[in-house]
Amino acid sequence: MSAVAPEAVPAVGGSSSHRRSPRELLLAVSQYLGFAPAMALFGLFFLAPMGLIVAYSFWTQDGYNVVSTWTLSNYQQIFSTPVYVSTFLTTLWMTAAATALTLAVALPFAYWLARYVSRRWQRPLLFLVILPFWVSYLLRVTSWTIILGSQGAISRLLSLVGLSTPSWLLYDRPAVIFVLIYLYFPFAALTLYASLERFDWSQLHAAMDLGATQSRAIRRIMLPQIKPGITTAVIFVFIPILGEYLTPELVGGTRGVMIGNLIDNFFQEAQYATGAAVALLIVVVVMVLLVIFRRSLEVGEMYGR
Amino acid sequence: MVTAEMASARPGAETPIPAIAFSGVRKEYGAHVAVERLDIEIQEGEFFCLLGPSGCGKTTTLNMIGGFAAATQGEIRIRGEIVNTTPPYKRKVNTVFQSYALFPHLTVSDNVGFGLKMAKVSRADAAGRVLEALKLVALDAFADRYPAQLSGGQQQRVAVARALVNRPAVLLLDEPLGSLDLKLRKRLQVELSQIQREVGTTFVFVTHDQGEAMAMADRIAVMNEGRVEQVGTAREIYSRPASRFVASFIGESNFIPIQGRDGQVVTAHAGIRLPAPGGAPAGNGTLMVRPEAVRLVPAGTDDPGLVGRVVKLSFLGSFTRASIACPEAEDPLIVDMSTELNAGIREDALVRLSWEDKAAVLFGEENH
Amino acid sequence: MVTAEMASARPGAETPIPAIAFSGVRKEYGAHVAVERLDIEIQEGEFFCLLGPSGCGKTTTLNMIGGFAAATQGEIRIRGEIVNTTPPYKRKVNTVFQSYALFPHLTVSDNVGFGLKMAKVSRADAAGRVLEALKLVALDAFADRYPAQLSGGQQQRVAVARALVNRPAVLLLDEPLGSLDLKLRKRLQVELSQIQREVGTTFVFVTHDQGEAMAMADRIAVMNEGRVEQVGTAREIYSRPASRFVASFIGESNFIPIQGRDGQVVTAHAGIRLPAPGGAPAGNGTLMVRPEAVRLVPAGTDDPGLVGRVVKLSFLGSFTRASIACPEAEDPLIVDMSTELNAGIREDALVRLSWEDKAAVLFGEENH
Amino acid sequence: MAGDPSTVEIVSPHTKLVRRSLAGWATFIYMFLFSPIVLLIVLSFNKNPFGTFPITGWTLHWFKQVANSPDLQTAIKTSLQVGFEVTVIATVVGTAAAFPLVRSRLPFRSGLRIVFILPIMIPGVLIGVSLLSFLRNALNVQLSAQTAVIAQAVYTTPYVLLIVAARLEGFDRRLEQAASDLGANKLRTFRYVILPLIGPAAFAGALFAFTLSLDEFVITYFVIGAQVTLPIYIYTQIKFGITPAINAVATLLIIGSLTITGLGLIIPRLLRSGVRQVRSYRVRRLQSTVQIASGP
Amino acid sequence: GSSSPSSGSATGPVTLNMLTWNDHYDPTKQLPAIQKETGIKVNVTLGSDDAAMFIKAKQSGDFDIVSADALWVPYDYQQALIEPFDIESFPVASQLYSVSKEFPFWKASGGYLGYPRAWSALRMYYNPKFVSPAPTSYEVWLDPKYKGKVVMENQPTDLVAQAGLATGSKDPYNMNDAELSRAKDFLTQAKPAFLTFVSQNTGVVRALANESAWLTSDNLGIDIRVKSAGGPLIKSAVPKEGVVGWMDSEMKVKGSHANRFEQFINAWGEAEWVPPLFKQYREAWFNEKAYKMLVNQGQGEFADALLYNQPEEAAKAHLKGPSKNPNAYIQVFNQVFGA
Ligand SMILES: Nc1ncnc2c1ncn2[C@@H]1O[C@H](COP(=O)(O)OP(=O)(O)OP(=O)(O)O)[C@@H](O)[C@H]1O
Ligand SMILES: Nc1ncnc2c1ncn2[C@@H]1O[C@H](COP(=O)(O)OP(=O)(O)OP(=O)(O)O)[C@@H](O)[C@H]1O
Ligand SMILES: [Mg+2]
Ligand SMILES: [Mg+2]
């Protein structure tokens, strides 16, 4: 928000011989001002409950109550049961597949919207993307079970052509991944669009002038420059899918179970301590992943700004 | 029919195929006509300059060669082949963009090496060529910086290096030296000319700097409002401008409204005889004479000939420029004098102006 | 202590407060020193030019006045007030940015009107002033376009109009005419000079075009590698350059290595006597002479004096430039001749070079 | 930086092909997005009380049921109200926080980013239950729609924050400098330059927030106390299956928002073109006066 | 609060917060009528499952009336959420089948714990077109013929309980480790049979109706629902190992200003409100008077299919309730059905 601030900071901090005037101090502080509301909101209403969640995972589950006596048994229980690890691994690859496919589906769409649609139509079209999502999740997914189901549109179409409905069309992993793509498409599309919208298309000119085909120009020049948007889209798709339980429940059948279902089973019976332990383990894994890939979260530094 | 075709085909086979040929090309942006009609041929190995005022369509013309703007009408040929729909990466043409269009996420050396990477040049080769190109533009010390960390002129030099390193068949340069200081510009002008001669590459060079155009180009096309007004060598254009626009755009010029009377040229206002080449126009017209062709001598009020008052003298380094108010011309006439020779001339003095007959150029009314 | 302070305060009160004053200013970007040490004062109402090669720190200097770069060391004063930490919008300074920095989401007229809107100028007033400013840069027909729909030069003109329309106390211009053609540039040079005189605004003008600097500026600061090498009027700098760098940067110049011998100046190589002003340096040095100050006469091989061979003649409009290879100088010497006077000189001919004593400038070793 | 993208051309024999196939892809996407919705709309007119195939006849019964159901109406109202408040809070808070996240020289910027991603990672039930016990036991706050707004804001703000932050990366700082140079203070620079330019991202973020709020069940369920939002209404019907009246609600919601946005698109455009006409008339008049003034 | 409010002690307008399921009331006619009659405005919050409702009611402290199933009622009492009341003193209670007022597990010192509403048991339903002979036991899930043809509601505890019944456990909601491990083995073998666990009852109806599943174990009346959804004939069977079942009730929350509880129940429990709800949800209520009204309205056939007039059947099932070790049940379920 401040034009001179980023410059002023190294200048102020860089030389100890230079005394900080109150103005400079104010300036240095003011750049963090934007955090204030978020800090208030998160500090009070997220971090505190978050601490409670962590505490839950170390407290004792007694019937339907969580009792505040410290224990490691929740974690021990998880580590002594191989099903959680194997389900988590399965979930990881399903999530990765769904995320990759979602982005693959959304990118050409966002590209089309940002590149070929005249500016005045972009927002209405974007709005149309999200509009179906104002209808309850449950209804939309149920609607898919009807479409994909044994007497649904697809199997009828197939039988018209004389094909039998493949058994994985519903109540299996492909169905879960398919519906997840549907559910998370708008998140990817909106995020990618927001990023592409400011892309300087003449960059593609320069790349193609230097001998890059359109696709190479897109890969080498456009994609790296919209990387923050891609990273964000991946976060918005990958992370919520990792915790999905409704879709696998509704369309996955017994073959499409994800880790979220196992966690949700605990919650259904109010087993919050155990549930919290599993959930936190996943959070830790994701955080480790994020820390590993944190460089890709920081694009500004790459550009030398 | 067949013979006619063959007859027309033959001369084509004999004269060399031009590197670039525009025939009847027009470009519109919505309702706005950026290029009205373009018919030019640029020969292989030529150093060709597009010169013209801001907004006249130079960049648009270059973009049509590079493949970044589709011609609305007409045909564009590169080495005889129609390229109206050929994508940029299939044209052996490289461009230095007016806005540089550097890749912000790549370092200077990666920017320069991009074309080589696309052409699958081996890493070691590429590194060598990149370094060479950066040396040429005196930026080898900046190889690892990002474009945002460079000054305006440095960015422009990166753009030049990025195009040059690919050794293209045709190199398009859109004001590539615009933000460089005179010294560096001169050096790069010389370097570019040398490279052009060595490699034999065809250069199409856009500039708004007539001095640059004259110093470097084999031929110059002077554009105005989407049309080419004159194509020719620097000398032709300077000494025999085809229109009043060309005359005024290239170099300084003085215009005096005249009439042809009895085969002689006289001023339109007071009917004073002026030195002029033969063939005075029948009706009204304009006489153009360059500032350096005019000689000044101190004069009295009633002297015959063209007399004016010096309103301003400005020292411009190698010469001094006098502005002379004269009732025969609308604008003050300007005269450049060798700094050493301006002894007698002072501001506010009366002077008589004269020039050799063949130094003047006459325009009829049709050349506005 | 008190008296010392008062004593230093008084002379300040008597001499006019400079519009802008740098004292001991230094700017580093990480490890890179962009401006090494700056001590200049720009007077109220002055037309001040910063001139220097690409990357020498001109934009950085301007940015420190505008408030877009914080000085690493030293003090910057605007009208006597230290502004090191004043935000840009509180400085009565407007800038024409080298990269234009037009707002892509606003039309041309909204871009130009932005400053007026911020200053809460009434709508009707603002519309009038915007139109006036657009007329000035010949863009009134483009008022409703977006920047992306303009040519490079047109964008630059919008940037000029956007700054001018605010009538600031100090106007900073970073190569504002760089991508304009000579004619328009000249026109805007004149217009800018007029505006500057009328409004009395202080102009700080960055350019790499020495001709422009000389034609417009009251004073010029020649910068090199983050330092100011000389400050002075155009004439001072051209005829009495303070260093070899200034001499070579401003205008064309010929350098001949010399030695002082018996109070006379002789070439370092063959000991030929050269015309030079009094006060030859004690040891080795360099003699500089401008191309237009040199006279050429055809010569034989064994003629006394400085003799060389014409390697190239180029026609440059109002004059012809000869490059002359001469064993006494490293680079070919260049000589500019009035086009009409170059009768006897042909390529490959031998010529003798001479000039008047006071036309030469001598540099000792310390000025490199 | 980029103007209207349609002015950026690349010559290619495939230009049309590429454009058409991308447009085809987009059409397919819209069909993909809307097919379940179309099905719901069809089913909302189906007599079949299970809200499923086969179609046993056409009826407006379900719409009547919506019209006659005060529960459902309150639920819709509460949902829209909560959604609106959440959108405002999340958009403002998220956008504000995006700036220091991208621009300050905080040492732990990437760490902070991860903190802001946490609410997306933690299962809603846990957030809901812990927030419930925190609000009641630690703060002793009365539960209401407002507590639900706060809880949802926590969960939706990260979306706005990250999407705006992604847009701010590589934002051309010179534009801000230019605005500042022209006398705009930080606030006005933000209002007139930054906001229009990050607008698309903030808009996308707001859409995210509203959409997520409109469908949030688990967290809300625990912290809203004795109120009912539409998702709560829907999810608690699971025991007996959702009545087709919900399909009717979906139909109304879709058609309603389509009409509102349609109007929202057309009306300002009409207004603007009116203003433009007036303005261009003014400019023309001005032009002629200036001409007269500057004439000989 | 006091346990026996004298009638007419409070009559002014008041708002009662009720946490319940949507089959317990009719928002369009019933609630406005109650408000008109008694001045009680009921603000309904819908609940999902017993456990979550217990947590929500207990933590938020906002509610006056809460609903719960079978053995959850005494649990809620133990956890001090609710308090007993004297059901016999409620005039409307005379409309109830008397068995429903004598369930021993709903008795406490000081009265009855809940006002009984409706009940059901989970029977085995099958499509005779594909399933023959008729199943007589949970063992049918092990039959490879029915691989992927069983649909169930997603109720992990209930499924594990049924597996417990199949393996001979006597108290299926309170199995010990050995019993649990037998149940787990049974489920592991039966796993291929299960097509999906649906989150809503209509999912079962849909799966049976379009014949993607042939078997389920679900509440009474699924056969009618499948039929009215246009599906095939569905028959029911009682597995020989026994069935699980539930009955639900409205409970009086302790310490809240629930002194208007009796007044509300008297208005709400009136038989006249049952038929419309019956037609919508197809459940057997405990209201005997309403049975007669249903028969008069030509609904007798449906009511009988739901065993409306055999309320004594309700207590014969293994009743749904909190387990002593719910965590172990989920562990079993997760281990069997995890990926
Ligand atoms: N953000 C930055 N980070 C690092 N170095 C920088 C940055 N900006 C400028 N520089 C360096 O500082 C030096 C001076 O830059 P400046 O922009 O002032 O040059 P300039 O005189 O305006 O040149 P030009 O005429 O090419 O625009 C250059 O060497 C440049 O590379
Ligand atoms: N995308 C566009 N949309 C509409 N008009 C455009 C577009 N690009 C260029 N023009 C217009 O076309 C004309 C020619 O533009 P062009 O860029 O070719 O000029 P130019 O000769 O390169 O000028 P300069 O020397 O200022 O760069 C200009 O009047 C310009 O405003
Ligand atoms: Mg151009
Ligand atoms: Mg610069």
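In what follows, every heavy atom counts, from backbone to side chain, and hydrogens, waters and symmetry copies are set aside. In what follows, chains are A, B, ... by sequence order, proteins preceding strands, each numbered from 1.
With a threshold of 4.5 angstrom between heavy atoms, D:Val218 approaches chain A through side-chain atoms but not through N, CA, C or O. The contact between A:Ser136 and chain D is made by backbone and side chain atoms together, counting heavy-atom distances below 4.5 Å. Using a 4.5 Å cut-off between heavy atoms, D:Ile120 touches chain A through backbone and side chain atoms alike. Contacts between D:Leu253 and chain A at a heavy-atom distance below 4.5 Å involve the side chain alone, from C-beta outward. Using a 4.5 Å cut-off between heavy atoms, D:Ala23 contacts chain A through both its backbone and its side chain. Contact of D:Leu118 with chain A is made through backbone and side chain together, with heavy-atom distances under 4.5 Å. In this structure, the portions of A:Phe187 lying under 4.5 Å from any heavy atom of chain D include both its backbone and its side chain. A:Val105 touches chain D through backbone and side chain together, each having a heavy atom under 4.5 Å away. Heavy-atom distances place no part of D:Leu230 under 4.5 Å from chain A, backbone and side chain included. Heavy-atom distances place the side chain of D:Tyr30, and not its backbone, under 4.5 Å from chain A. Using a 4.5 Å cut-off between heavy atoms, D:Ser35 touches chain A through backbone and side chain atoms alike. Heavy atoms closer than 4.5 Å to chain A are found in the side chain of D:Val18, but not in its backbone. At a 4.5 Å heavy-atom cutoff, the contact between D:Phe203 and chain A is made by side-chain atoms alone. With a 4.5 Å cut-off on non-hydrogen atoms, A:Tyr137 touches chain D through its backbone and its side chain both. Using a 4.5 Å cut-off between heavy atoms, D:Leu135 touches chain A through its side chain atoms alone.
No side-chain heavy atom of D:Leu197 sits less than 4.5 Å from a side-chain heavy atom of A:Arg198. When side chains are defined from C-beta on, A:Phe42 counts as touching D:Pro119, because their heavy atoms get closer than 4.5 Å. The side-chain heavy atoms of D:Leu101 and A:Phe35, taken from C-beta on, include a pair separated by under 4.5 Å. Contact annotation: the side chain of A:Phe236 approaches that of D:Phe208 to within less than 4.5 Å [non-hydrogen atoms, C-beta and beyond]. Proximity of A:Trp144 to D:Leu39: side-chain heavy atoms (C-beta onward) are nowhere separated by under 4.5 Å. Put simply, the side chain of D:Leu162 does not reach to within 4.5 Å of the side chain of A:Thr191, judged on heavy atoms. D:Leu131 places none of its side-chain heavy atoms less than 4.5 Å from the side chain of A:Phe46. Under the 4.5 Å side-chain criterion, counting only non-hydrogen atoms from C-beta, A:Ile282 is not in contact with D:Met121.
Under the 6.0 Å cut-off for aromatic ring centres, A:Phe45 and D:Phe134 do not qualify, their centroids lying 6.0 Å or more apart.
In terms of heavy atoms, A:Arg140 sits closest to D:Pro36 at O-CB, 4.0 Å. Residue A:Pro132 comes nearest to D:Ile254 through the heavy atom pair CA-CD1, 4.2 Å, listed as atom of the first residue, atom of the second, then distance. Residue A:Leu139 comes nearest to D:Ala250 through the heavy atom pair CD1-CB, 4.1 Å, listed as atom of the first residue, atom of the second, then distance.
Of all the listed residues (A:Gly229, A:Gly51, A:Ala48, A:Gly243), the one sharing the greatest number of non-hydrogen pairs under 4.5 Å with chain D is A:Ala48. Annotation: maximal heavy-atom pairing with chain A below 4.5 Å, among D:Pro158, D:Ser79, D:Pro231, occurs at D:Pro158. By number of non-hydrogen pairs under 4.5 angstrom with chain D, the leading residue of A:Pro37, A:Pro108, A:Ser195, A:Ala279 is A:Pro108. Across D:Tyr159, D:Phe28, D:Tyr155, the residue that shares the most heavy-atom pairs under 4.5 angstrom with chain A is D:Tyr159. In terms of heavy-atom pairs under 4.5 Å with chain A, the best-connected choice from D:Ala179, D:Ser213, D:Ser130 is D:Ser130. No other option in A:Tyr56, A:Phe127, A:Phe133, A:Tyr111 has as many heavy-atom pairs under 4.5 Å with chain D as A:Phe127. Of the residues considered (D:Leu214, D:Val154, D:Leu212), D:Val154 shows the highest number of contacts with chain A, using heavy-atom pairs under 4.5 Å. Here A:Leu125 is the residue among A:Ile263, A:Leu242, A:Leu125, A:Leu47 with the most heavy-atom pairs under 4.5 Å with chain D. Annotation: maximal heavy-atom pairing with chain A below 4.5 Å, among D:Thr251, D:Thr157, D:Val129, D:Ile127, occurs at D:Val129.
Note: A:Tyr193 OH to D:Arg167 CZ = 8.5 Å, rounded to the nearest 0.5 Å. Atom CD1 of residue A:Ile239 and atom CD1 of residue D:Ile117 lie 5.0 Å apart, to the nearest 0.5 angstrom. Taking CZ from D:Phe32 and CZ from A:Phe185, the interatomic distance works out to 8.0 Å, rounded to the nearest 0.5 Å. Between A:Ile53 atom CD1 and D:Ile122 atom CD1 the span is 5.5 Å, to the nearest 0.5 Å. Between the CG atom of D:Leu139 and the CG atom of A:Leu44 there is a distance of 6.0 Å, given to the nearest 0.5 Å. Atom CZ of residue D:Phe116 and atom CD1 of residue A:Ile235 lie 13.0 Å apart, to the nearest 0.5 angstrom.
Exactly one residue among A:Val129, A:Leu128, A:Ile130 makes a side chain to side chain contact (heavy atoms under 4.5 Å, CB included) with D:Leu33. That residue is A:Val129.
Looking at A:Trp134 and D:Ser257, their side chains never bring a donor and an acceptor atom within 3.5 Å of each other.
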